[in-house]
Amino acid sequence: MPYNFTSIEKKWQRYWQEHKTFRALDPKDAGGDGSPASNKPKAFVLDMFPYPSGTGLHVGHPEGYTATDIVSRYLRMKGFNVLHPMGWDAFGLPAEEYARKNNVHPSISTKANVENFKRQIQSLGLGYDWDREINTTDAAYYKWTQWIFLQLFNSYYDTRAKKALPITHLLNELENENYVVAPDYSVVLNSTTEGLEAISGETGIERRWTELSPEERQVVIDNHRLAYMAEVPVNWCPALGTVLANEEVIDGKSERGGYPVERRPLRQWLMRITAYCERLIEDLAPLDWSESIKEMQRNWIGRSIGAEVDFDLVDPPEGIDEPYVRVFTTRPDTLFGATYMVLAPEHDLVDRITVAEQKEAVARYRAQTASKSDRERQEGAKDKTGVSTGAYAINPVNDEKIPIWIADYVLTGYGTGAIMAVPAHDERDFEFAKKFGLPIRAVVKPSRQWLHDQSLAKFRALDPSQVVKTTAKETGQEISWDKLPAEMRQKITDAHRAAIRTVEEKLKTSTDAEWELVLGDYIREPGRFLAAMTEEGVAINSKFLDGMNTEEAKARMIAYLEETGDGRKRVNYKLRDWLFSRQRYWGEPFPIVLDEKGVAHSISESELPVLLPEIKDFKPTGTPEGPLSTIKDWLSFTPAANSQLSTLNSQLMRETNTMPQWAGSCWYYLRYLDPHNTERFVDPEKEKYWMPVDLYVGGVEHAVLHLLYARFWHKVLFDLGHVSTNEPFNRLVNQGMILGETEFHFFEYGGKAVSATEFEKLGDEAGEKGPQFVGYHRQTGERVVATRVEEMLVEKKGEKYVLKANPNVSVDARSFKMSKSRGNVVNPDKIVEDYGADAFRLYEMYMGPLEAQKPWNTRDIIGMSRFLNSVARNILGDEESHKVPNIQNAPLSDELERMMHRTIKKVGEDIAYLRFNTAIAELIKLNNEINKLDVLPRKLAEALVLLLAPFAPHLCEELWLTLGNAASVAHAPWPAYDQAKLESKTLELPIQVNGKLRSKITVPADASEADILGTAQLDAGVKQWIEGKTIKKAMYVPGRLVNFVVG
RNA sequence: CCGGGCGUGGCGGAAUCGGCAGACGCAACGGACUUAAAAUCCGUUGGGGCGUAAGCCCCGUGCGGGUUCAAGUCCCGCCGCCCGGACCA
């Protein structure tokens, strides 16, 4: 009979709650032995807090939570002061959408969802310190989100100090004239050389702060704030009625809901995250994160090193300040090969430089690209489009006059929105140049390998089916390749392959002289080749660069450009500033008021929080003002008499946008340290004790969004002296996704077996009217006909069957992401009910490595149930099977003692490295040995319970109590292992002959090498393999094996 | 196309430093207990072959090469799958 997990689990969950078993001690609290807790080693073990959706937990959530719970419980038993908190990320668009759908107020639905999540999490026995529970939608919490926003608003990034400083510092520097103002309202050092360098030798002259008008001063300040307002092209989503961050737009559609997104210029709040690009990349290196996540962040930030080059305009239009086109390139070494330029259609210069004859064509092209969504632009990527402006620019290195085009393959948002085109050495420029007949000039010498590959590719590219079509057109007959007799198709294909082989052979035997000819061809006319030569190589046709390799040539060219003032070295980033405002209701209001001129002012700290007003109709207005703008009596703001704002003498209006979903999650880990503090966001002493986070576990979906934003905020807080660490999360682990149960699919197409992948592809091509697909029910063998792949999923749950592969079809076993539409979602409540929380926890940890993707299989949980029942029987006994536990203070056999110590060592190490699956395997092994005993030594029983406690805490509490110990096992000391007792007195050594296993011998552990080799040679199993042969070499790898090399 | 990761029995997976491949669990098969079933317990289980038997031999970690006394593990070249990015100049 299985033990009664339901009552045991309820009992201990109640106990933990009542006794606050998992309370983390504040540094000043008494730490047990009388000294303050701050003397204890600390561990901050953090989960990514959930977004409480309406559907409750799925089995993916508990995977990470159980992992951190095991680590927390282990460390607590090891004597650490453990902080393991939980909270709710509850503001944001999805919660609001959910509320709208269910016709309730988001504050109500959020509360209900949180309660459900909490019930589910507690039913799993996860040991959180609930006294530290936080919720991002509580005014007491978002007061500090607003406060941090003000820190960002009132500071700037000082490029000299390479850190954020209060904006007052900037004002001081300006007033003292350490800094002066450049024409673009950026600030530069007041030193002629540095100042000039910083503004790139432009003609403008810096001005002193005192020479600026009040309006200009305001511009300077607002241009430097880390949180600022600006009119920028943004992602506006009409369906959601809000703007979205770049990170929330995928393939031109909203991440939430998949609605189309359009670009339009709007005045919005932004976070100057770009100021931190460099540090966000540099500081990744020492972190204990997976390489793939680091790489994803680096890619997202997208640093590229190159140069900025200015191309003077030929006949610049009147009244233009900057009569040149500035481009960014990563290949300044190819400047001699720049034969034309391309501007993004939206580029500012387009209107001004387009010649009269081209105005109409340009206008038409711009209208055409503007109507295209990002998605459509991407789809048309292969076919380049564009028009000439009729204007020309001068290539600064050779004074050549080159045409200026516009094309949508150049993006406004990256670099300067303009490029120099080097068609010989850039894939896109190459295609464009070929399409529009623009000159292509080689300036880098290709390698012989490249020429070889290209020569061969020319022949490979001649697809036989295309050749046939062409021929058919010439003879006036329409013969489609598919309709040719199979024999003929085969013949043509064979002939084609033979031709390729011949060419390949020929190329192999080509002489140097012949290669020189090919190279000559390339240099004369690179356009005749199939592709651009994008590899690095030796510069040619480039005057002073000739003969240099790419790296040298880049450096030389940059030096040259800096001498002449036509260009300079530059590092460019893909990352844009973070769009921080939303036109929605369910978010943190900004602690900002706007005066009559539209200038933003911060509300003083003493007036925080700015409460989110109660409102009945919270649906989006569809305008950039958002729903808060409809609350008329909330809008106008009267400052307190003692407030700085009262001196403005202006009608003040509240900011009506709200903050995005990410705001609250950018700093929540800090609030856990001091959740009830009303004076500060976190007490500095507590912050210093607990930070940084020692282990952070969560899904990979936050690799770039949350983790980048949080690092950015943390760095700002660090710069301003509010936190003590530069990075928040020392060790990050991403748990892999849990997929649905494996499904078996049989696929047939046109009477032929196909794989699922092929099948899906064919489905796409065939469309709805296309041929039907045939599959077989794997159990009944019933034939199923469908037009869509999804209809093929005919698997029935809970049935037993044997797979019998039909020779006409292929069998494909795959598991898919859990989703409502696929109907493969597993509800943890049901699993807890059927098997208990302990078995559920154990199963999730036993499935495989934490970081791996793995399929769920309910059937396998039974193994964990059996294990737990067996442990329970050994200690609690079982009436039905008349099992009476026989636990005595008996000594352990040598072998058992060794096994116990090894298990203690292995389980401890495995937990530290998050290898829970192998730790559990060890515990099962130990219990399997215990099953064989008539008398269970108490020492062994206690060790097993202690080692198992982090994994199956409910049962182990009960067992610990039964063994006569005081509750709770959560604070019992982790058992220690004795190094001396790990080793056996004898060794079993495998003996190899020529690397093949032939026998095994047992020798004393302290036997000498000579003795071992002697014994091994005499072994019967070995003798027959070495007899009559000479032993060339005999080796003994201490403790591992013996190998004889004979000949 | 680019970047990161992976490929081991019927299935999930183990082998941490190059040293006994398949730990542990599931499923399957055989047996014990039972009127029967469940539960529980014992045994077998990568493939092939030899032997009455104890036991022994050969093959085997996606494919093809290489390094090494020894390769799942390291190197080179392919194939396949998963994840992320992608007209980023």
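Since the model is a prediction, treat every value here as computed from it, not as a measurement. Below, chain A is the first sequence line, B the second, and so on; all start at residue 1. Side chains included, hydrogens not; waters and symmetry mates left out as well; all remaining heavy atoms used.
If you check every strand for non-hydrogen atoms under 4.0 Å, A:Ser304 touches sugar and phosphate atoms only. Among the protein residues, A:Lys574 comes within range of the nucleic acid bases, having at least one heavy atom under 4.0 Å from a base atom. Base engagement by A:Lys906 is indicated by at least one non-hydrogen atom pair under 4.0 Å involving a base atom.
Between B:C81 and B:A70, the distance separating the two C1' atoms is 31 Å to the nearest Å. Using atom P as the reference point in both B:G30 and B:G66, the two lie 47 Å apart (nearest Å). For the C1' atoms, the distance linking B:A39 with B:G80 amounts to 44 Å, nearest Å. Rounded to whole Å, the separation between the P atoms of B:U44 and B:G25 comes to 13 Å. Nucleotides B:A23 and B:U16 are separated by 14 Å at their C1' atoms, to the nearest Å. Using atom C1' as the reference point in both B:G51 and B:C42, the two lie 27 Å apart (nearest Å). Between the C1' atoms of B:G12 and B:G64, the separation comes to 30 Å (whole Å). Rounded to a whole angstrom, the distance from the C1' atom of B:C24 to that of B:A14 is 8 Å.
Of the residues near RNA chain B, A:Met847 and A:Thr329, the one whose nearest nucleotide (by heavy atom distance) lies more toward the 5' end is A:Met847. Nearest-nucleotide positions on RNA chain B place A:Pro990 closer to the 5' end than the other of A:Pro990 and A:Phe328.
The separation between A:Glu929 atom CD and B:C42 atom P is 11 Å, rounded to whole Å. The CD1 atom of A:Ile861 sits 13 Å away from the C1' atom of B:G12 (whole-angstrom rounding). Rounded to whole Å, the distance from CD1 on A:Ile293 to C1' on B:G85 is 13 Å. The CG atom of A:Asn299 sits 17 Å away from the P atom of B:C83 (whole-angstrom rounding). To the nearest angstrom, C1' of B:A89 lies 12 Å from CZ of A:Phe311. One can place NZ of A:Lys854 at 8 Å from P of B:G13, the figure rounded to the nearest angstrom. Here B:A14 presents its P atom at 14 Å from CZ of A:Phe916, a figure rounded to the nearest Å. Nucleotide B:A15 holds its P atom 13 Å from the CD atom of A:Glu909, rounded to whole Å.
Side-chain N/O atoms of A:Asp934 and A:Asn886 include no donor and acceptor closer than 3.5 Å. Inspection of the A:Tyr414 and A:Ser304 side chains reveals an N or O donor paired with an N or O acceptor under 3.5 Å. Using modelled atom types and a 3.5 Å distance limit, the side chains of A:Asn931 and A:Ser870 yield a donor-acceptor pair. Side-chain contact of A:Tyr365 with A:Thr385: a donor-acceptor pair under 3.5 Å is present, judged by distance alone.
The ring pair (Phe, Tyr, Trp, His ring centres under 6.0 Å) analysis of residues 911-934 of chain A, with sequence neighbours excluded, yields no pairs.
Salt-bridge annotation for A:Lys434 and A:Glu431: absent, with no side-chain N of the basic residue lying under 4.0 Å from a carboxylate O of the acidic one. Between A:Glu63 and A:Arg841, none of the side-chain N atoms (NZ, or NE/NH1/NH2) sits under 4.0 Å from a carboxylate O, so this pair counts as no salt bridge. Taking the charged nitrogens against the carboxylate oxygens, A:Lys554 and A:Asp333 have no contact shorter than 4.0 Å, which rules out a salt bridge.
In terms of the ring pair (Phe, Tyr, Trp, His ring centres under 6.0 Å) criterion, A:Phe311 has no residue partners (sequence neighbours excluded).
Taking syn as a glycosidic angle within 90° of 0, B:C17 qualifies as syn. In this structure, B:G9 is classed as syn because its glycosidic torsion stays within 90° of zero.
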### Task
For side chain to side chain contact (heavy atoms under 4.5 Å, CB included), just list the numbers for A:Thr1015 and A:Asp1019, CA-CA rounded to whole Å, side-chain angles, deciding distance to a tenth of an Å, and then say yes or no.
CA-CA 6 Å; A:Thr1015 316; A:Asp1019 184 83; over 6 Å; no

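Ranking B:G4, B:C41, B:G19 by closeness to the A:Ser292 side chain, first place goes to B:G4.
Aromatic pair A:Trp1025/A:Phe1044: centroids not less than 6.0 angstrom apart. Proximity of the aromatic rings of A:Tyr340 and A:Phe436 is defined here by a centroid distance below 6.0 angstrom, and this criterion is not met. Between A:Tyr843 and A:Trp856, the gap from one ring centroid to the other is short of 6.0 Å.
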### Task
Using Watson-Crick or G-U wobble pairs with both distances under 3.5 Å, give me RNA chain B in dot-bracket, 5' to 3', with [ ] for crossers and | for pairs to another strand.
(((((((..(((......[....))).(((((.......))))).(((((....)))))..(((((..]....))))))))))))....

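Between A:Trp450 and A:Glu535 the shortest side-chain heavy-atom distance falls below 4.5 Å.
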Distances for protein N/O vs nucleotides 55-58 of chain B N/O pairs under 3.5 angstrom?
residue: B:C58; atom: OP1; partner: A:Arg998; partner atom: NH1; Å: 3.4
residue: B:C58; atom: OP1; partner: A:Arg998; partner atom: NH2; Å: 3.3
residue: B:C58; atom: OP2; partner: A:Arg998; partner atom: NH1; Å: 3.1

Between the protein and nucleotides 23-25 of chain B, list the N/O to N/O atom pairs that are separated by less than 3.5 angstrom.
residue: B:A23; atom: O2'; partner: A:Lys925; partner atom: NZ; Å: 2.8
residue: B:C24; atom: O2'; partner: A:Tyr846; partner atom: OH; Å: 2.7
residue: B:C24; atom: O2; partner: A:Tyr846; partner atom: OH; Å: 2.4
residue: B:G25; atom: OP1; partner: A:Asn928; partner atom: ND2; Å: 3.3
residue: B:G25; atom: O4'; partner: A:Tyr846; partner atom: OH; Å: 3.0

Restricting to nitrogen or oxygen on both sides, can you table the protein-nucleotides 65-71 of chain B pairs closer than 3.5 Å?
residue: B:C69; atom: O2; partner: A:Asn1043; partner atom: ND2; Å: 2.3

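Between the side chain of A:Lys1023 and the backbone N or O of A:Gln1017, no donor-acceptor pair lies under 3.5 Å.
Using a 4.0 Å cut-off, no side-chain N or O of A:Arg859 falls inside it from OP1 or OP2 of B:G12.
Geometric assessment of A:Lys384 against the ring of A:Tyr409 yields a positive cation-pi assignment under the 6.0 Å and 45° thresholds.
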